[in-house]
**Q** 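The structure follows.
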Amino acid sequence: MSRLRLATLEDADAIDVLMKASIREIFPSFYDERQTRASIRFIASVDRTLIEDGTYFVAEIDGELVACGGWSRRDKLYTGSGDAADDARRLDPATEPARVRAMFTRSDWTRRGLGTQILEACEAAAKSAGFGTLALMATMPGLQLYTRYGFEVIEQVQIPMPDGTTIAGASMQKPIR
């Protein structure tokens, strides 16, 4: 049975390993080798602000981290977007959506409800913080999970990375229940 809990800064190294392994093992079914390498480098990066804000979750099974993900009340939409001046700006819950961020599952634990569990925790926490909508930038491996959870595609996009590589993605939103 999995145990979902808030991540701590002590989890950062294990989260980093999980993120990189998830991309290394899952992305090749959706992206080419260059895109997968760039994603490991630029997307699989722990955002310590999410952990410090108390908005990042990890799922543990037998003491091992097997999934992670969170939400943010800040303006940054996804890790690979680089650093922008407004990234730390707090969102207005009355007019802006909370951001679902950095969702990863170990490849041997996909399709077992862990992503849904994390999304439910994110949605409940964002609702408690006064948000009425969730938004995210989906990579292709997560599209099925997010659609099944009730997110709708706003726009198909090419997600740019700092080295010029792009990967297919989708900007998505859903109203909070």
Side-chain angles (χ1 to χ4, degrees), residues 1-8 11-47 50-51 55-72 77-80 97-127 133-159 161 166-177:
M1 175 119 181
S2 70
R3 179 174 87 102
L4 191 66
R5 64 172 174 81
L6 285 173
T8 66
D11 295 318
D13 289 343
I15 292 168
D16 186 67
V17 169
L18 169 61
M19 289 175 161
K20 287 174 172 44
S22 176
I23 289 177
R24 187 179 310 106
E25 295 162 11
I26 296 171
F27 273 41
S29 297
F30 298 86
Y31 303 115
D32 67 28
E33 186 180 325
R34 180 172 176 250
Q35 291 170 314
T36 299
R37 268 196 325 270
S39 297
I40 290 168
R41 182 174 173 200
F42 298 111
I43 294 175
S45 176
V46 178
D47 185 339
L50 294 174
I51 297 171
T55 60
Y56 202 68
F57 299 94
V58 291
E60 287 181 313
I61 295 178
D62 297 327
E64 272 188 88
L65 298 190
V66 295
C68 56
W71 71 282
S72 183
L77 186 56
Y78 62 98
T79 301
R99 315 293 200 219
V100 172
R101 299 272 318 278
M103 297 278 297
F104 295 92
T105 301
R106 222 171 66 185
S107 64
D108 57 336
W109 283 96
T110 60
R111 308 284 181 252
R112 299 190 197 195
L114 297 172
T116 300
Q117 217 181 339
I118 291 169
L119 286 172
E120 289 169 348
C122 290
E123 184 170 17
K127 182 178 183 175
T133 307
L134 294 174
L136 60 83
M137 181 61 69
T139 57
M140 293 298 98
L143 203 55
Q144 181 181 348
L145 166 67
Y146 303 131
T147 301
R148 192 174 63 245
Y149 192 74
F151 282 88
E152 292 185 10
V153 173
I154 304 303
E155 180 183 16
Q156 297 284 345
V157 297
Q158 288 295 314
I159 302 169
M161 288 184 247
T166 62
I167 60 171
S171 173
M172 304 182 82
Q173 281 194 357
K174 89 173 279 304
I176 291 178
R177 299 177 257 161

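Heavy-atom basis, side chains included; hydrogens, waters and symmetry copies ignored.
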**Q** Can a donor-acceptor pair be found, under 3.5 Å and without considering hydrogens, that links the side chain of Ser22 to the backbone of Thr105?
**A** yes

**Q** Applying side-chain contact (heavy atoms from CB on, under 4.5 Å), can you list everything that pairs with Ser39, at least two apart in sequence or on another chain?
**A** Ile23, Phe27, Ile43, Met161, Ile167

**Q** Would you check if Arg5 and Glu60 make a side-chain contact, meaning some heavy-atom pair closer than 4.5 Å?
**A** yes

**Q** What is the distance from atom CE of Met140 to atom CG of Leu143, rounded to the nearest 0.5 Å?
**A** 5.0 Å

**Q** Check for a donor-acceptor pair, side chain of Tyr56 on one end and backbone N or O of Ala102 on the other, with a separation under 3.5 Å.
**A** yes

**Q** Any idea which heavy atoms bring Ser45 and Phe42 closest together, and the distance?
**A** CB-O, 4.3 Å

**Q** Provide the closest heavy-atom pair for Leu18 versus Val66 in the form atom of the first, atom of the second, distance.
**A** CD1-O, 3.8 Å

**Q** Under a 3.5 Å distance rule, please check whether Gln173 uses its side chain to pair with a backbone N or O of Pro97 as donor and acceptor.
**A** no

**Q** Taking atom types as modelled, find out whether Arg112 and Gln117 have a side-chain donor-acceptor pair closer than 3.5 angstrom.
**A** no

**Q** Can you measure from CZ (Arg101) to CG (Leu134) and round to the nearest 0.5 angstrom?
**A** 13.5 Å

**Q** I need the minimum non-hydrogen distance between Leu50 and Ser72, along with the two atoms involved.
**A** CD2-CB, 3.5 Å

**Q** Let me confirm one number: the CE-CD1 distance from Met137 to Ile154, rounded to the nearest 0.5 Å.
**A** 10.5 Å

**Q** Thr133 vs Ile176, test: side-chain contact (heavy atoms from CB on, under 4.5 Å). Steps then yes/no.
**A** CA-CA 5 Å; Thr133 307; Ile176 291 178; 5.6 Å; no

**Q** In the structure I gave you, are the side-chain heavy atoms of Val17 and Asp13 within less than 4.5 Å of one another anywhere?
**A** no

**Q** How many angstroms lie between OG1 in Thr55 and CG in Asp47, if you round to the nearest 0.5 Å?
**A** 8.5 Å

**Q** Nearest 0.5 Å please: distance from the OG1 atom of Thr116 over to the OH atom of Tyr149.
**A** 7.5 Å

**Q** Would you call Arg24 and Arg37 a side-chain contact if the rule is heavy atoms closer than 4.5 Å?
**A** no

**Q** Can Arg177 and Glu123 be counted as an ion pair, charged N to O under 4.0 angstrom?
**A** yes

**Q** Between Glu25 and Arg106, is there a salt bridge with N-O shorter than 4.0 Å?
**A** no

**Q** Just so I know, are the side chains of Val100 and Phe151 near enough to count as touching, which here means a heavy-atom distance under 4.5 Å?
**A** yes

**Q** Taking the side chain as every heavy atom from C-beta outward, state whether Thr8 and Val58 have any pair of such atoms under 4.5 Å apart.
**A** no

**Q** What do the steps show when you test Asp32 against Thr36 for side-chain contact (heavy atoms from CB on, under 4.5 Å), and what is the final call?
**A** CA-CA 6 Å; Asp32 67 28; Thr36 299; 6.0 Å; no

**Q** Where is the tightest heavy-atom contact between Val157 and Ser171, given as atom of each residue plus distance?
**A** CG2-N, 4.4 Å

**Q** Between the side chain of Tyr31 and the main-chain N/O of Ala168, is any donor-acceptor distance below 3.5 Å?
**A** yes

**Q** How far does OG1 of Thr139 sit from CD1 of Ile26, to the nearest 0.5 angstrom?
**A** 9.0 Å

**Q** Are the side chains of Leu4 and Ile118 in contact, using a 4.5 Å heavy-atom criterion?
**A** yes

**Q** Quick one: closest heavy-atom pair of Cys68 and Ile15, and the distance?
**A** SG-CG2, 4.1 Å

**Q** Has Lys20 got a side-chain atom pairing as donor or acceptor with Ala44's backbone, closer than 3.5 angstrom?
**A** yes

**Q** Looking only at heavy atoms, which two atoms of Asp11 and Leu6 are closest? And how far apart?
**A** OD2-O, 4.4 Å

**Q** Determine, for Arg3 against Asp62, whether the closest basic-nitrogen to carboxylate-oxygen distance falls under 4.0 angstrom.
**A** no

